[in-house]
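Report on one structure; see the data block that follows.
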2 protein chains.
Amino acid sequence: MTINAIFEALSHPVRREILRLLRAGPFSAGDLANRFDLTKPTLSVHFAKLREANLVTVERRGNSLIYHLNISILEEALSAFLAFREPNL
Amino acid sequence: MTINAIFEALSHPVRREILRLLRAGPFSAGDLANRFDLTKPTLSVHFAKLREANLVTVERRGNSLIYHLNISILEEALSAFLAFREPNL
DNA sequence: ACTCTAATTAGAGATAAATCTAATTAGAGT
DNA sequence: ACTCTAATTAGATTTATCTCTAATTAGAGT
């Protein structure tokens with residue numbers, strides 16, 4: 001099921017852009033949301049899908065939620081798929 | 001646009017399974033369709049998305065259309081994404 | 001030209017995804 | 001306990017995706 005969640009999460013350009021931004025380092029939900037021409041609730045839904053796929057992790061810092069990229073999941077999933085052993089994550 | 005088409009194509013489990021099957025070698029549309037519990041027209045739509053993303057190529061042999069995996073596109077796209085230079089395919 | 005086969009395209013119905021506004025939660029900090 | 005801020009969840013609407021049956025196309029082969 002997880003491999004589904006991962007590819008599902010990667011299928012939307014906004015979510016791929018979020019991952020790209022997180023590559024530079026952790027960002028709060030609000031800071032990330034400000035980068036897009038969409039409302040915060042909409043971004044929140046995208047975050048949820050990324051969390052569900054384990055592509056990001058969250059940590060609270062004061063009033064903010066800080067998102068971190070989980071690069072290892074991404075690497076495992078994509079390279080496993082390239083090797084075409086359907087990964088059992 | 002193409003990177004969208006590629007991730008969109010990869011987002012559906014049936015299409016990922018088609019790619020996996022094609023890894024063993026080329027197959028006709030009909031042979032592929034028989035592997036799934038779905039109608040041929042449905043599979044045809046999935047094939048179209050894979051063609052659109054350039055993940056497969058087609059060749060006619062007699063009355064059949066033979067699908068081939070285009071592994072290089074897949075490798076380029078996924079490894080480019082892992083390197084996070086948004087690829088310009 | 002005719003017919004047969006394999007596959008695709010068209011059209012419609014059903015299911016799922018994306019987005020918004022409004023309401024709610026979670027916790028920080030006084 | 002109160003209030004303020006940041007973020008999420010709920011509910012509704014719009015838009016896109018998946019799937020089917022029926023009709024059409026493309027070519028092969030006689």
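Reminder, nothing fancy here: chain letters follow the sequence lines and each chain counts from 1.
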The test is side-chain contact (heavy atoms from CB on, under 4.5 Å); show your working for B:I66 and B:F27 and say whether it passes.
CA-CA 5 Å; B:I66 308 294; B:F27 280 98; over 6 Å; no
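- The residue A:R61 sits apart from the nucleic acid: no heavy atom pair falls under 4.0 Å.
- Applying the salt bridge (charged side-chain N to carboxylate O under 4.0 Å, His left out) rule to pairs touching residues 42-67 of chain B yields B:E8-B:K49, B:E59-B:R61, sequence neighbours excluded.
- Proximity of B:I73 to B:I6: side-chain heavy atoms (C-beta onward) are separated by under 4.5 Å at one or more points.
- A:F7 and B:F7 have their aromatic ring centers separated by at least 6.0 angstrom.
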Please report the C-alpha distance between A:L38 and A:V14 in whole Å, then the side-chain angles of each, then the deciding distance to 0.1 Å, and finally whether the side-chain contact (heavy atoms from CB on, under 4.5 Å) criterion is met.
CA-CA 10 Å; A:L38 294 166; A:V14 164; 4.0 Å; yes
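- At a threshold of 4.5 Å between non-hydrogen side-chain atoms, the residues B:V58 and B:H68 do not count as touching.
- Listed by chain and residue number, nothing satisfies the side chain to side chain donor-acceptor pair (under 3.5 Å) test with A:T57 (two or more places apart in sequence, or in another chain).
- Residues B:V45 and B:L50 are members of separate hydrophobic clusters, defined by side-chain heavy-atom contacts under 4.5 angstrom among Ile, Leu, Val, Met, Phe, Trp and Tyr.
- Comparing A:V14 and A:G62 against DNA chain C, the residue whose closest nucleotide sits nearer the 5' end is A:V14.
- Both key distances under 3.5 Å define a Watson-Crick or G-U pair, and stretches of 3 or more such consecutive pairs in DNA chain C run C:1-12 with D:19-30, C:14-30 with D:1-17.
- When heavy atoms are screened at a 4.0 angstrom cut-off, A:S64 is found touching the sugar-phosphate backbone but no base atom.
- When heavy atoms are screened at a 4.0 angstrom cut-off, B:Y67 is found touching the sugar-phosphate backbone but no base atom.
- The side-chain heavy atoms of B:L65 and B:S28, taken from C-beta on, include no pair separated by under 4.5 Å.
- Taking atom CG of B:L38 as the reference point, atom C1' of D:dC18 lies 9 Å away to the nearest angstrom.
- Qualifying salt bridge (charged side-chain N to carboxylate O under 4.0 Å, His left out) partners for B:K40, counting only residues two or more places apart in sequence or in other chains: none.
- For DNA chain C, the span of nucleotides reached by chain B at under 4.0 Å from its heavy atoms goes, 5' to 3', from C:dT5 to C:dT9.
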Evaluate the criterion side-chain contact (heavy atoms from CB on, under 4.5 Å) for residue pair A:L10 and A:L19; output intermediate values, then yes/no.
CA-CA 9 Å; A:L10 292 175; A:L19 294 178; 3.6 Å; yes
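- Proximity of residues 42-52 of chain A to DNA chain D (heavy atom under 4.0 angstrom from any strand atom) is restricted to A:S44, A:F47, A:R51.
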